[in-house]
Amino acid sequence: MDTERITDLTKDEVFQAISSQISLCKKCSLHQGRTHPVPGEGNLNASLFFVGEGPGANEDIQGRPFVGQAGKILDQLLESIALERSEVFIGNVVKCRPPGNRTPLIEEIRACEDFLLAQLGLIEPKVVVLLGNAALTALLGANHSISRVRGTLIEHQGMNFFPIFHPAASLYRREVFEQMKQDFVTLKNIMKEKVK
Ligand code: SF4
């Protein structure tokens, strides 16, 4: 993208330009199976940017992130700290659906990371919430485990990251949902400090 031109564009126009590039992208084999790419959506001035793993079946059909069962859980967790989707941004590590909902391969994560980094650079959130291991690997490297670092604020390269489990991990495990609720309370307290 021409960086000089970007300075003349509004945030929304830059976001649309990134999304257009995603819709044309064939940088990894995931483009072959997509119905729609899922660039992400939400508030371009958000203080919180949620990063999931990749689109599932419902997301692939609708071209929107977190619209299935995991999305309902994410909505409940947001509601538990009095937040709505319209106040945050929700994206994914890879923008096209991995076959059979498998975890994205490291080469697919790397092929797609420029889009995620461009979105992060545009929105400049106070905190980036990493939903599960794929997001953790994409933005902090492979030497972390979500179960060890979940619920802690990690500063890295001038950004604040807050890893938690992926909402899908709590679908059939009530104890994981309770842990996620606790992590959202921690997140709310962090945001009180970060957004003044
Ligand atoms: S997953 Fe990302 S890198 Fe791969 S084809 Fe889709 S947009 Fe391009």
Side-chain angles (χ1 to χ4, degrees), residues 1-3 5-6 9-46 48-71 73-74 85 88-125 127-144 146 156-157 159 161-169 171:
M1 206 178 296
D2 183 338
T3 48
R5 278 271 304 131
I6 283 175
L9 301 176
T10 65
K11 245 181 171 182
D12 190 55
E13 286 170 333
V14 176
F15 181 73
Q16 293 307 326
I18 296 167
S19 301
S20 296
Q21 290 191 346
I22 290 169
S23 69
L24 297 171
C25 178
K26 296 182 177 177
K27 281 200 284 182
C28 82
S29 63
L30 294 183
H31 80 276
Q32 293 168 353
R34 73 183 171 211
T35 309
H36 296 104
V38 183
E41 66 184 27
N43 191 324
L44 299 184
N45 296 308
L48 274 174
F49 189 130
F50 289 80
V51 183
E53 186 173 296
N58 292 306
E59 290 78 13
D60 176 65
I61 290 167
Q62 296 187 37
R64 298 183 55 216
F66 282 89
V67 290
Q69 287 291 97
I73 292 172
L74 182 58
R85 277 196 187 217
V88 303
F89 187 89
I90 302 174
N92 278 310
V93 167
V94 292
K95 317 301 188 191
C96 306
R97 184 189 180 199
N101 291 348
R102 66 158 169 74
T103 303
L105 305 174
I106 193 70
E107 55 266 33
E108 293 161 351
I109 291 174
R110 292 295 163 239
C112 212
E113 70 183 354
D114 284 352
F115 295 128
L116 180 59
L117 295 176
Q119 292 174 331
L120 286 169
L122 176 69
I123 295 169
E124 296 185 307
V127 175
V128 183
V129 183
L130 305 173
L131 300 168
N133 267 318
L136 187 63
T137 298
L139 289 162
L140 295 182
N143 53 342
H144 296 283
I146 196 75
H156 178 70
Q157 295 185 343
M159 297 185 73
F161 295 96
F162 188 74
I164 58 175
F165 290 125
H166 191 284
L171 273 177

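Atoms within a ligand are numbered from 1 in the order they appear, just like the ligands themselves.
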* Asked: Looking at Lys27, Lys95, Arg102, which one forms a salt bridge (charged side-chain N to carboxylate O under 4.0 Å, His left out) with Glu108?
  -> Arg102
* Close side-chain approach of Leu131 to Glu53, heavy-atom, < 4.5 Å -> no
* **Contact atoms of ligand 1, heavy-atom distance to Ala111 under 4.0 Å** => 3 (S)
* To do: Nearest 0.5 Å please: distance from the CD atom of Glu41 over to the CZ atom of Arg64.
  => 4.0 Å
* To do: Can you sort out which atoms of ligand 1 are near Cys25, meaning under 4.0 Å from one of its heavy atoms?
  => 3 (S), 5 (S), 7 (S), 8 (Fe)
* Over 60° means perpendicular and under 30° means parallel, so classify the ring planes of Phe89 and Phe15, tilted if in between. => perpendicular
* Where ligand 1 meets Cys112 - atom numbers and elements under 4.0 angstrom, heavy-atom basis -> 1 (S), 2 (Fe), 3 (S), 7 (S)
* Which of the ligand 1 atoms, numbered from 1, are nearer than 4.0 Å to a heavy atom of Lys95 -> 1 (S), 7 (S)
* Tell me, please, if His31 has any N/O/S atom, main chain or side chain, under 2.8 Å from atom 8 (Fe) of ligand 1? => no
* To do: With the side chain counted from C-beta on, respond yes when Gln16 and Leu9 share a heavy-atom pair under 4.5 Å apart, and no when they do not.
  => no
* atom 2 (Fe) of ligand 1 to Cys96: any N/O/S contact under 2.8 Å? -> no
* Structure fact -> The closest protein heavy-atom partner of atom 4 (Fe) of ligand 1 is Cys28 SG, 2.4 Å
* Asked: When you measure from the side chain of Glu59 to the backbone N and O of Val67, does any donor-acceptor pair fall under 3.5 Å?
  -> yes
